[in-house]
Structures are given as C-alpha cells and as structure tokens.
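Working notes for the structure below.
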Amino acid sequence: MSEERVHPNETILPLLPCVSPEETLAFWRALGFAVTWEQTRPYLYLAFRWSGFELHYGNAAPGVDPAAEQTGGCLVLVDAVAPYHAAFSGAMRAAYGKVLAKGLPRITRYRPGASRFSVVDPSGNTITFIRRDEPEELEYGGSKDLVGLARVLDNARILREFKSDDRAAFRALNSGLRRHGDAASAVEQAVALAGLIELSIALAEPERVPDWGARLQAIRLTGPERDQVRHAVADPAVLEPWLSEAD
C-alpha cells in the first residue's frame, strides 16, 4: 500500500521555451553546464545539469520574441549566491573574453551582500538565483527623506538592480551629478562617478570613462569611504586605476 500513497519527495524541473537550440547549447556549455539530453527531432528537448540542479528546454510558441524577455524563467534557491555569480562570470570571461552584461544572453550585476542575481539565456528566459534566507521584505529604495544627489543615487540603484535599465540609470546619474554634485558630499560624488564608469563600460560607450575617472581620482576620500565606493559597483577592479590610496 505504501506505493499508492503520495510521498513528499517530488522533483520539479523547469521546462523553459527555447527559440534557438544551437545558441542555447553553446551558452550553457560555455558556462560549464553538462548536456544531459540533446534532441531536436521529432520534437525539441534539451536538458542541462550544473551542480545539483537542472534546466530543461522545449519548443517555444510561434512568434515568441526573445528580445521582449517575457519568455519564461525559474528560481534557483541556494545557500549563498556569490559563489554562483563568481563561477558564471569567470566562465563567461573564459568563453567570451568578457562578462556579458547587456543584451542576450547576459548576467546581472552582483554587489557584495546582495541576495539575488539573474542569468538571462539566449531565448530571453530569466533564471534567478536567490539566497534561501533572503529577507521577506526587501529594501527597494525610494525613500522620500533623501534629497539631492543621495536621492539620485537611490533612483539609479532602483533602475539598475530592480528594473535592469542601464540606460535610464546612466541618464539619471549623469544629469543628477550635474545638478546636485556641487552640494553633495565627497563620497556621494565618488559613488556617482563610479556608477557612471561602470555603466559606460556596460553600455559599450567608454569614451567618457577617462573623464569620469580623472574626476574620481581628484576626490579625497578616507579608507572607509573608498571601500564604500568600491562596494557600489559590481566589479571594483574597473575603479582601481583612479581609486587610489590617499597621499
């Protein structure tokens, strides 16, 4: 009779829509996933495994536009997200020569202490890695108590981290620094410039980076303030040419 009872040991596998089997296979292989099933006829079915989880793919509905990024997705609950982001970012650098931060496919930024990040595949599916003990009430920003450049920085963080809109975040920081920079604290100015450097690189528009960097280098910061600026970006290494120790 035990075989006829429901046992709480189910395994659920996401079946994601796939627009391009070739691109999907190449992407997940580049990230180090093992291909456990590869079939295109009589119907499409792909399966991948990495560590202890699997991703499965089937045919996408006719007319699906990957660029709309409304295809599908899944959540992957983990104990700590930083090792996953580091592993996938390292694999991207090895395979593509850089971390894919825009377009399809890509990986979203991860800042120290963050509780989630996402990988968007070639078909526009979003695979979100979330820390198991992530707070139920996330701090999304938008405090009405903030003014000046502090409010601009908060708005830019919302645009980047929760709306994934790098272009809007860049515009907010660029105009906000012009309007409020003179009245802002040194560390607020430095964080804004760091964000502009990172966003310029992500948007493949590095022309202004030397200018942002020179302005950042001219700001005198304490050791803790420099750490605060480094933590404001996903890859602190992009700031090191200008974020030097104080004399």
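Since the structure is predicted, the reported quantities are computational estimates derived from the model, not experimental observations. Worth knowing before you read on, the calculation uses all heavy atoms, side chains too, and leaves out hydrogens, waters and symmetry mates.
- With hydrophobic clusters built from ILVMFWY side chains whose heavy atoms lie under 4.5 angstrom apart, V120 does not share a cluster with L100.
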Practice prompt. For V35 and L25, run side-chain contact (heavy atoms from CB on, under 4.5 Å): C-alpha distance rounded to whole Å, both residues' side-chain angles, the deciding distance at 0.1 Å, then the answer.
Written response: CA-CA 8 Å; V35 179; L25 286 162; 4.1 Å; yes
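- A distance-only check finds a donor-acceptor pair linking the side chain of E225 to the backbone of T222 [under 3.5 Å].
- Within the structure, salt bridge (Lys or Arg N to Asp or Glu O under 4.0 Å) contacts touching residues 80-91 (residues at least two apart or in different chains) do not occur.
- Residue pairs meeting the ring pair (Phe, Tyr, Trp, His ring centres under 6.0 Å) criterion with at least one partner in residues 177-231, sequence neighbours excluded, do not occur; the list is empty.
- Under the side chain to side chain donor-acceptor pair (under 3.5 Å) criterion, D165 pairs with no residue at all, not counting sequence neighbours.
- The two residues V229 and A194 have their closest heavy-atom pair at CG1-CB, 3.7 Å.
- For E54 (side chain) and A47 (main-chain N/O), no donor-acceptor pair under 3.5 Å exists by modelled atom type.
- Counting non-hydrogen atoms of other residues, nucleotides and ligands closer than 6.0 Å to CZ of R49 gives a total of 12 or fewer.
- Inter-residue side-chain proximity for V209 and S200 is flagged as met; some heavy-atom pair is nearer than 4.5 Å.
- We find that D154 and R151 are not joined by a salt bridge, their nearest charged nitrogen and carboxylate oxygen being 4.0 Å or further apart.
- When ring centroids are compared, F88 and W28 stay outside the 6.0 Å threshold.
- Taking both residues in full, the closest heavy atoms of L149 and A184 are given as CD2-CB, 3.5 Å, listed atom of the first, atom of the second, then distance.
- A donor-acceptor pair is defined here as one N or O able to donate and one able to accept, closer than 3.5 Å; such a pair exists between the side chain of R106 and the backbone of G103.
- Residues that satisfy the side chain to side chain donor-acceptor pair (under 3.5 Å) test with R167, not counting sequence neighbours, are E205.
- Listed by chain and residue number, H56 satisfy the side chain to side chain donor-acceptor pair (under 3.5 Å) test with Y45 (two or more places apart in sequence, or in another chain).
- The ring pair (Phe, Tyr, Trp, His ring centres under 6.0 Å) pairs that include a residue from residues 102-124 are H85-Y110, H85-F117, F117-F129, where partners are two or more places apart or lie in different chains.
- By the side chain to side chain contact (heavy atoms under 4.5 Å, CB included) test, Q228 is found to be paired with V187, residues two or more places apart in sequence or in another chain being considered.
- Between A30 and A91, the shortest heavy-atom contact is O-CB, 3.5 Å.
- A continuous path of ILVMFWY side-chain contacts below 4.5 Å connects F27 to F53, so both sit in one hydrophobic cluster.
- Going from atom CZ of R226 over to atom CG of L243 covers 7.0 Å, rounded to the nearest 0.5 Å.
- Contacts of R109 classified as salt bridge (charged side-chain N to carboxylate O under 4.0 Å, His left out), with partners at least two apart in sequence or in another chain: D166, E198.
- No path of Ile, Leu, Val, Met, Phe, Trp and Tyr side chains, each step under 4.5 Å between heavy atoms, connects M92 with L104, placing them in separate hydrophobic clusters.
- Nearest approach of S89 to V99, heavy atoms of both residues: O-CG2, 3.9 Å.
- The shortest side-chain heavy-atom distance between V76 and I127 falls under the 4.5 Å cut-off.
- Judged as a salt bridge (charged side-chain N to carboxylate O under 4.0 Å, His left out), and not counting sequence neighbours, R41 has no contacts.
- Residues V191 and A232 approach most closely at CG1-CB, 3.8 Å, considering heavy atoms.
- Put simply, V233 and L203 are part of the same group of oily side chains (I, L, V, M, F, W, Y) that touch within less than 4.5 Å, one to the next.
- When the side chain to side chain donor-acceptor pair (under 3.5 Å) test is applied to R208, the partners found at least two apart in sequence or on another chain are D211.
- A heavy-atom distance below 4.5 Å is found between the side chains of L177 and R215.
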Please tabulate, for side-chain N and O atoms in residues 12-24, each donor-acceptor pair with protein atoms closer than 3.5 Å (sequence neighbours left out).
| unit_1 | atom_1 | unit_2 | atom_2 | d |
| --- | --- | --- | --- | --- |
| S20 | OG | E23 | N | 3.3 |
| T24 | OG1 | S20 | O | 2.8 |

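- Contact check for R131 versus R116: no side-chain heavy atoms found under the 4.5 Å cut-off.
- Residues W37 and L31 fall into different hydrophobic clusters, defined by Ile, Leu, Val, Met, Phe, Trp and Tyr side chains chained together at heavy-atom separations under 4.5 Å.
- Separation of atoms OG1 (T36) and CG (L46) is listed at 9.5 Å; rounding is to 0.5 Å.
- Residues R29 and E38 are paired through a salt bridge, judged by an N-O separation under 4.0 Å between the basic side chain and the carboxylate.
- Using cut-offs of 30° and 60° for the angle between ring planes, the F33 and F48 rings count as perpendicular.
- The side chain to side chain donor-acceptor pair (under 3.5 Å) pairs that include a residue from residues 117-126 are Y57-D121, S118-T128, D121-N125, where partners are two or more places apart or lie in different chains.
- Residue R160 holds its CZ atom at 12.0 Å from CG of N155, rounded to the nearest 0.5 Å.
- In this structure, L239 and R230 approach most closely via the heavy-atom pair CD1-CA, 4.3 Å.
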